[in-house]
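Have a look at the structure below, then the notes.
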Amino acid sequence: MYALADCNNFYASCERVFEPRLEGRPVIVLSNNDGCVVARSQEAKDLGIAMGEPVFKCRSIIEKNHVVVRSSNYTLYDDMSRRVVQSITTFIPDIEIYSIDEVFLDLQPLINRDLMAICHRTRQSVLDWTGIPISIGLGSTKTLAKLANRIAKKRAGTNGVYRLPDEARARDRDLASTDIEDVWGIGRRWGRRFRQIGVATALDLARMPAMEVRRQFNVIAMRTALELRGEPCQDIQEVAVQRRTMVRSRSFGRMVTTWEELSEAIATHASRAAEKLRAEDSVAGQISVFLHTNRFREDMPQYHRSGIRELLPATNVTPMILDAARSIGRSIFREGFHYKKAGVMLGDITHGGGQGGLFDQRNHGRDERLMKTLDRINDRMGPGTLHAAATGLRRREWHMKRENRSPRYTTCWDDIPRTR
DNA sequence: TCTGGGGTCCTAGGACCC
DNA sequence: TCTGGGGTCCTAGGACCC
C-alpha cells in the first residue's frame, strides 16, 4: 500500500503562513523573472487564472480582483518543504521525496494499523506544525495513490485524505471519473492520442491490453496501465538517485546583445553550477553551453546554438569550468542578435572523485584547498561574497526581475518575523 | 512590453566491435 | 551472383514530471 502526500497550492500556501492576512484572498506566485504563474491559491484558481499562464495575459483579472502577486522565493519554499517532510516522517518513516511539494509514503510496514487514522493525524500535524495544508491519497500502486490524491483534493467530505476503495465497482467509478490526461505519466500529447483511439478515462486505459499499449505507445505507458490495474511497477525509492546532469540557466530581464554581458551571464551560471557540484561532492566530465534569442518575437531574427566539450579530468573547480564555459560561449556567440537566455549544462557527473587524467599536470591539492576556502567564506558571509571577476562587478539590466519577493522568513536572521 | 527552470526515461538509428 | 549474427555505445528527439 502506497500513499502520496501533496502540499496544497504549495508556494501560495508558504506565502500565507507568514502573512495571514492573505488567507481567503486570491494569491499567485510567479516564475523567475516574474514571467509566468506557477502557483495559485484556490481563490486564484476560481478566478480562472491558468497554471503556467504568462502574467501579462491575466493582468486585467489580477487588477480587477486585487489578486496578491508574489515573486518566487525558493529559499523559503525549500526550507518549508524540508519542515513538511520532517513532520510527515514523524508518523510515516519510509518515504520517497518526489518533488518540492510531494512525498510518496510506503504504508506497507503499517499495514496492520488503521491507515486512514494515521494519515489524518499526519495531515493535521503537518498543518499544526508548519502551517501548510496537505492532501493524502492511498492506493495499491504509486499511480493509484496519485489518482486518490486528486480525489482527496477535489471531492467534498474527504477532509484531505482519500483511500481508493478495494471493492472493484467502487474503484472503477473513481477511475472512470478521472480523465486520461489527469493520469500520472499521461501528458497532453499522449492524452490526445489516447482519445483518438477511444481511451478517455483512467478506467479505459486500465482495461486496454498491456501489450497493445506498449505497441502503440511505449513501456512507460504500459506500466501506467498496469499500475492503474493495481499491479505495482514502481517501488518507493528511499535513497535519492544520484543526479546525472545539472543545468543552470536563466532568461534575461532584458535582451542582451553584447558578448561582454553575455559572457558575464555564462560565467555566473558556470560558477553556480560548480558550487552546486562541490556541495554534492561530485565532479562533471562534460560541459555544454547554450544561448538563444526570444522565440516569441517572430519579428526578430532567431538564433540558437549550443556547444559541448569534455572536461578532462572531470572537475568541480570553478576556474576550470569557467574557462571551458566561456570559451564554448565565445565560439557560439554571433554578433547582431538579441539574446534572451543562456545556460550551462554539466554532464557525465560522478560522485566521490572521478577518473584522473594520465597527462594531468595540475596541482589538485591546491585547487581543492582554494575551492574549500571560497565555499567556506561564501557560506559564512553570504552567497557571492567572493566570486570570479568574470561574473561581473556590477548589477546589470539582464539580471532577473523579482519585484515582489517575500522575506526569507525561516533562513535569514534579518528576515525573521517579529511581533510587537 | 511582458512568455520559467530543472530534471528523467525511452526509442530509433548509426557506428562500431568480434 | 551470392553478403551473418549478436552485441554495445552514443546521440538526437520526443515524451513525461514538478
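Atoms considered below: every heavy atom in the structure, side chains included; atoms not considered: hydrogens, waters and symmetry mates. Each chain gets a letter, A, B and so on, in the order its sequence line appears, and its residues count up from 1.
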Audit row: A/Ser71, A/Asp34, side-chain hydrogen bond (donor to acceptor under 3.5 Å, both in side chains) steps and yes/no: CA-CA 6 Å; A/Ser71 305; A/Asp34 292 344; 2.8 Å; yes
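Within the 4.0 angstrom heavy-atom criterion, no nucleotide atom of any strand lies near A/Asp34. Backbone-only engagement by A/Glu102 is indicated by non-hydrogen atom pairs under 4.0 Å involving sugar-phosphate atoms exclusively. No engagement by A/Ser72 is indicated, since no non-hydrogen atom pair under 4.0 Å with the nucleic acid exists. Residue A/Tyr98 is classed as a sugar-phosphate contact, given heavy-atom separations below 4.0 Å to backbone atoms only. Across all strands shown, A/Arg193 has no heavy atoms under 4.0 Å from either base or sugar-phosphate atoms. No contact: A/Arg59 has no heavy atom under 4.0 Å from any strand. Across all strands shown, A/Lys146 has heavy atoms under 4.0 Å from sugar-phosphate atoms exclusively, and none from any base. Within the 4.0 angstrom heavy-atom criterion, no nucleotide atom of any strand lies near A/Arg402. Note on A/Ile186: only backbone sugar-phosphate atoms sit closer than 4.0 angstrom, heavy atoms only; bases stay farther off. Residue contacts for A/Arg254: at a heavy-atom cut-off of 4.0 Å it reaches no nucleic acid atom on any strand shown.
Spacing of C1' atoms, C/dC17 relative to B/dG4, comes out at 15 Å, to the nearest Å.
Nearest to the side chain of A/Arg189, among B/dT11, C/dA15, B/dG4, sits C/dA15. Here B/dG6 is the nucleotide among B/dC2, B/dG6, B/dG5 with the atom lying nearest to any side-chain atom of A/Val247. You'll find that the side chain of A/Arg295 is closest to B/dG4, out of B/dC2, C/dC18, B/dG4. Residue A/Val219 has its side chain nearest to B/dT11 when only B/dT11, B/dG7, C/dC17 are considered. The side chain of A/Arg250 lies closest to B/dG5 when the candidates are B/dT3, B/dG4, B/dG5. Comparing atom distances between the A/Met246 side chain and each of C/dC16, C/dC17, B/dG7 picks out B/dG7 as nearest.
Using a 30° and 60° split on the angle between ring planes, A/Phe104 and A/Tyr98 fall in the perpendicular class, above 60°. Classification of the A/Phe290-A/His292 ring pair by plane angle, with boundaries at 30° and 60°, yields parallel. Using cut-offs of 30° and 60° for the angle between ring planes, the A/Phe333 and A/Tyr339 rings count as tilted. Using a 30° and 60° split on the angle between ring planes, A/Trp398 and A/Phe252 fall in the perpendicular class, above 60°.
The phosphate of B/dG5 (OP1 or OP2) has a side-chain N or O of A/Lys341 nearer than 4.0 angstrom. Residue A/Arg248 places no side-chain N or O under 4.0 Å from the OP1 or OP2 atom of B/dG5. Regarding contacts with the backbone of B/dC10, every side-chain N or O of A/Arg214 stays at 4.0 angstrom or more from both OP1 and OP2. Within the structure, a side-chain polar atom (N or O) of A/Asn294 is placed less than 4.0 Å from OP1 or OP2 of B/dT3. The shortest distance between the side-chain N/O atoms of A/Arg243 and the OP1/OP2 oxygens of B/dG7 is below 4.0 Å. The side chain of A/Arg223 places an N or O atom within less than 4.0 Å of a non-bridging phosphate oxygen (OP1 or OP2) of B/dC10. Here A/Ser99 does not reach the OP1 or OP2 of C/dC17: none of its side-chain N or O atoms lies under 4.0 Å away. Note on A/Lys401: every side-chain N or O is 4.0 Å or more away from OP1 and OP2 of B/dC2. Between A/Ser249 and B/dG6, a side-chain N or O to OP1/OP2 separation shorter than 4.0 Å is present.
In terms of position along DNA chain B, the nucleotide closest to A/Asn32 lies nearer the 5' end than the nucleotide closest to the other residue of the pair A/Asn32 and A/Ile220. Residue whose closest nucleotide on DNA chain B sits further toward the 5' end, between A/Met51 and A/Val241: A/Met51.
Under the side-chain hydrogen bond (donor to acceptor under 3.5 Å, both in side chains) rule, A/Glu15 has a single partner from A/Ser406, A/Ser72, A/Ser41, which is A/Ser406.
When both distances must be under 3.5 Å, the Watson-Crick or G-U wobble mate of B/dC17 is C/dG6.
Atom pair A/Ile308:CD1 and C/dC10:P shows a separation of 12 Å (rounding to whole Å applied).
Residue A/Met320 holds its CE atom at 11.5 Å from CD1 of A/Ile287, rounded to the nearest 0.5 Å.
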